[in-house]
Amino acid sequence: MANLLEMRNVHTYIGEYHILQGVDFTASAGQVSVLLGRNGAGKTTTLKTIMGLHPAKSGTILFEGKPIEKLSTHKIARSGLGYVPEDQGIFSTLTVEENIRVAMRDQSDATAKRINYVLELFPDLKKFWKKNGGNLSGGQKQMLSMARAFIQDSRLLLIDEPSKGLAPVVIGKVIEAIHELKKQSTIVLVEQNFRMASKVGDTFTLIDDGRTVHTGEMGYLIENEEMKRKYLGIG
Amino acid sequence: MELLINIFVNGLATGMLIFLLAAGLTLIFGLMDVLNFAHGGLFVWGAFAAVWTYTATDSFMLAILGALLTGVVLGFVTEKLIIAPVYGNHVQQILITLGFMLVLTEMIKVVFGPNQLAAGVPSYLAGSFEIGDVILIKYRLFIIVTGFVVFALIQFILKRTKIGLIVRAGVLNKDMVQALGIHIKKVFLYTFIAGAALAAFGGALMAPYSGVVYAEMGLEFGILAFIVVVIGGMGSLPGSLFAAILVGLAGSFMAYYVPDLSLAVNMILMAIVLIFRPQGLFAARG
């Protein structure tokens, strides 16, 4: 399967702190690739580095074969990457409609079709169309954030901890949504909740202390108790 | 009663002039997280440009256009040369914009001379209306109406246009706006230029109101605008309007009834707000 995104030996500093100390990662087209690791391992920084929010100090990031590590964030987004941050990044005093409108790049039929698609996928957004984003529940905010990234015709969605702070029943809906979005887009997922990660992920990459330590098929990790215990503290 | 109405109208007009200065400042503060102490300098350049153009052409409209053009050019230059290199560093912003404020003030003296200039009210805005015993000065009413029109126009742009939507989103979360593919630095530049033009417009309206313009007036009004932004809440336009009217009225009434407190009242208002609601009365973000 073709690699849509490839990171090679990426190093990132935040201030004077050397957070990513050699991350290698690939996301294959049409798959859900999950970044796993303990708190503070560097998973969120990896996504922010891909998006240029914490630019890489060294190393290479290729998207569809083209280097993006030197591009500014808005250019990276426009090259076809959608980002759903850990805190969802909802514009709290803007309505659901306005949150969607900020993300719209044009008024084309294709955009309208994508908006209709996400409104069918997340009917709550339609229901609360005129409600402020800040007044939505955690699950609804997650859905709005995913919808906003998707309507930009993103060929790669970077989703950071979508299950964080959500009730189990809502997590079930998020899992369904990711399965559905996977039909249209490749997904890179950062997830602390291994149960969820194992349900949606095709491949995994384990990050520890800012370095890639293992990568493989999700089935392999599910069976490997030692690896889960060592790097995720579970098992 | 007529005295109260006159003090009220006077305070409202002063408040509107402060609002024109504070409107740009609050958006620049809220969106760009930039502490621009040179904003008053743009106001005073607008005032001098307007007086100079009015003297040369005898046209109030051209005077306004001259001020707006000055604001746009100075806004562009300030953002590119002074502000852009210090994004994200408040200490450097304070130092460099304070320094630039002094440069702008001194440059006024170099270009227009060290003395204050007299500024006249155009004939069609001179004089007053009499309603019963109350005499309302036309130019003050013009400033009040203009202030509300400008507020409505900015609100329309912010609420009904895509660029306005992006500015509102940017005030809340700049990183997310960029991650949605929007070139936020371009938005910063446009916002800064618009803010500078508004400040210069305020200066242009101020000149006939005060009758004279002088280089240091930018500093005086700049401080008032900062107080208004703090009271109203960072990034909130309605907050700035409310706070500007409050400051204008408080100053006007105090100047009449307790003159010794007329300068201190704004600081007292700001201190009260900071104690009980540090994010400001209408903060766009906490």
Side-chain angles (χ1 to χ4, degrees), chain A residues 15 44 47-55 68 71-107 111 132-134 141 144-154 156-160, chain B residues 26-27 29-33 84-85 87-92 154-191 232-240 279-286:
Chain A
T44 293
L47 292 197
K48 288 191 170 180
T49 298
I50 296 169
M51 286 306 296
L53 291 166
H54 292 320
I68 59 167
L71 297 181
S72 50
T73 298
H74 75 280
K75 284 187 179 160
I76 293 170
R78 283 191 174 259
S79 67
L81 282 90
Y83 179 50
V84 180
E86 192 177 359
D87 65 0
Q88 294 127 7
I90 298 301
F91 305 119
S92 57
T93 55
L94 269 55
T95 63
V96 170
E97 178 194 10
E98 287 172 331
N99 268 275
I100 295 283
R101 269 179 54 213
V102 175
M104 282 169 64
R105 297 206 180 124
D106 55 43
Q107 306 276 350
T111 301
N132 275 359
K141 281 181 186 166
L144 176 56
S145 193
M146 287 202 274
R148 210 173 47 181
F150 179 78
I151 63 157
Q152 300 203 304
D153 195 18
S154 302
L156 178 66
L157 287 178
L158 309 176
I159 307 177
D160 197 352
Chain B
T26 197
L27 290 178
F29 224 11
L31 174 70
M32 300 158 71
D33 201 20
Y87 275 129
N89 189 324
H90 284 157
V91 176
Q92 288 182 359
I154 305 173
Q155 281 292 77
F156 176 82
I157 292 168
L158 286 175
K159 299 269 183 191
R160 302 278 175 216
T161 66
K162 183 72 189 268
I163 184 77
L165 191 59
I166 291 169
V167 169
R168 283 160 62 211
V171 167
L172 296 165
N173 189 336
K174 281 185 281 289
D175 281 352
M176 196 62 232
V177 169
Q178 292 186 84
L180 291 173
I182 294 159
H183 193 183
I184 197 82
K185 284 188 179 165
K186 230 183 224 178
V187 181
F188 282 3
L189 177 64
Y190 295 154
T191 306
M234 186 167 71
S236 168
L237 199 71
S240 279
Q279 72 273 35
L281 296 176
F282 296 75
R285 59 179 154 107

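Lettering follows sequence order; numbering is per chain, from 1. As a basis for the values below, the full set of heavy atoms in this structure was taken, side chains included, without hydrogen atoms, waters or symmetry mates.
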Crowding at CZ, B/F156 (>12 non-hydrogen neighbours, <6.0 Å): no

With chain B, the option among A/S79, A/G89, A/G82 that has the most non-hydrogen atom pairs under 4.5 Å is A/G89

Exercise. Counting only N and O atoms by type, is there a donor-acceptor contact under 3.5 Å from the side chain of B/K162 to the main-chain atoms of A/M104?
Worked result: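 Yes.
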
Turns out that what part of A/E98 lies under 4.5 Å from chain B's heavy atoms comes down to both

Check step by step if side chain to side chain contact (heavy atoms under 4.5 Å, CB included) holds for B/I182 and A/V102. CA-CA 9 Å; B/I182 294 159; A/V102 175; 3.9 Å; yes

Mind checking the [atom1]-[atom2] spacing from [X] to [Y]? Nearest 0.5 Å is all I need.
{"X": "A/S72", "Y": "B/I184", "atom1": "OG", "atom2": "CD1", "result": "12.0 Å"}
{"X": "B/Q178", "Y": "A/R78", "atom1": "CD", "atom2": "CZ", "result": "12.5 Å"}
{"X": "A/I90", "Y": "B/L172", "atom1": "CD1", "atom2": "CG", "result": "11.0 Å"}
{"X": "A/L94", "Y": "B/K159", "atom1": "CG", "atom2": "NZ", "result": "8.5 Å"}

Q | B/D175 vs A/T73, side chain to side chain contact (heavy atoms under 4.5 Å, CB included): CA-CA, chis, key distance, verdict | A | CA-CA 8 Å; B/D175 281 352; A/T73 298; over 6 Å; no

Worksheet item: Under a 4.5 Å cut-off applied to non-hydrogen side-chain atoms, are A/H74 and B/K185 in contact?
Response: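 A/H74 vs B/K185: side chains apart.
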
Could you check whether any side-chain heavy atom of B/R168 comes within less than 4.5 Å of a side-chain heavy atom of A/F91, counting everything from C-beta outward?
no

Taking every heavy atom of A/R101 against every heavy atom of B/L165, the minimum-distance pair comes out as CB-CD2, 3.6 Å

Of all heavy-atom pairs linking A/A77 and B/A179, the shortest is CB-O, 3.2 Å

